[in-house]
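So the structure is just underneath, and the comments pick up after that.
In what follows, every heavy atom counts, from backbone to side chain, and hydrogens, waters and symmetry copies are set aside.
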Amino acid sequence: MPLKPHALGVAAAFVTGLFYIVDGLYYMFAPESALSFFSYISHNFDFSILEGEGVTWASFLIGLVVWEICAYISTWLFAIVYNRLANRP
């Protein structure tokens, strides 16, 4: 059964958007904890340079749109490649 690239892309973008919103709220309400957590999951990348930088509505919305577009494109492409490989003999 082939994957539907558009439907899969929209689903991935939706779920990514939800995670991004949760991430934004986490940073908004607990910035020190969020920076520490993201440093831990990013191989100890130093996020302390971001301390003091507040999240604006513009930066939040731009990030949300960028992540959703990236999720859609990568998942759409995944479905295309999967369908082509799955149909090979």
Side-chain angles (χ1 to χ4, degrees):
M1 180 173 153
L3 298 174
K4 296 180 180 177
H6 177 69
L8 200 59
V10 169
F14 178 78
V15 171
T16 299
L18 289 178
F19 276 107
Y20 187 84
I21 290 169
V22 169
D23 168 53
L25 291 172
Y26 181 34
Y27 182 74
M28 188 179 348
F29 291 110
E32 295 85 19
S33 175
L35 291 175
S36 177
F37 173 74
F38 295 124
S39 174
Y40 175 73
I41 65 170
S42 300
H43 308 288
N44 291 322
F45 181 79
D46 185 15
F47 285 98
S48 64
I49 59 170
L50 300 176
E51 281 186 293
E53 296 290 324
V55 176
T56 65
W57 281 108
S59 67
F60 176 79
L61 292 175
I62 290 169
L64 178 63
V65 170
V66 167
W67 276 106
E68 287 185 330
I69 290 170
C70 289
Y72 177 87
I73 291 171
S74 62
T75 308
W76 175 84
L77 186 58
F78 171 85
I80 297 291
V81 171
Y82 173 85
N83 287 339
R84 292 204 177 153
L85 292 174
N87 289 329
R88 286 189 161 188

Examine distances only and state if a side-chain atom of [X] and a backbone atom of [Y] form a donor-acceptor pair shorter than 3.5 Å.
{"X": "Asn83", "Y": "Pro2", "result": "no"}
{"X": "Thr16", "Y": "Ala12", "result": "yes"}
{"X": "Asp23", "Y": "Phe19", "result": "no"}

### Counterpart residues, side-chain hydrogen bond (donor to acceptor under 3.5 Å, both in side chains), relative to Ser42 (two or more places apart)
none
### Message
Once side-chain hydrogen bond (donor to acceptor under 3.5 Å, both in side chains) is applied, do any residues pair with Ser33, and if so which ones, sequence neighbours excluded?
### Response
Tyr26
### Message
So if I apply the side-chain contact (heavy atoms from CB on, under 4.5 Å) rule between Val66 and each of Leu64, Ile62, Ile69, which one comes out positive?
### Response
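The option that passes is Ile62.
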Hydrophobic cluster identity match, [X] and [Y], side-chain contacts under 4.5 Å:
{"X": "Tyr20", "Y": "Leu61", "answer": "yes"}
{"X": "Phe78", "Y": "Val10", "answer": "no"}
{"X": "Phe14", "Y": "Leu25", "answer": "no"}
{"X": "Phe60", "Y": "Leu35", "answer": "yes"}
{"X": "Leu85", "Y": "Leu3", "answer": "no"}

#### Entry: Centroid-centroid under 6.0 Å between Phe38 and Phe45 rings
no
### Query
How far apart are the C-alpha atoms of Leu18 and Val22, what are their side-chain angles, what is the distance that settles it, and do they pass the side-chain contact (heavy atoms from CB on, under 4.5 Å) test?
CA-CA 6 Å; Leu18 289 178; Val22 169; 5.7 Å; no
### Task
Quick one: closest heavy-atom pair of Ala79 and Pro5, and the distance?
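That would be CB-CA, 3.6 Å.
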### Task
Please list all pairs passing the side-chain hydrogen bond (donor to acceptor under 3.5 Å, both in side chains) test where one or both residues lie in residues 71-82, with sequence neighbours left out.
His6-Tyr72
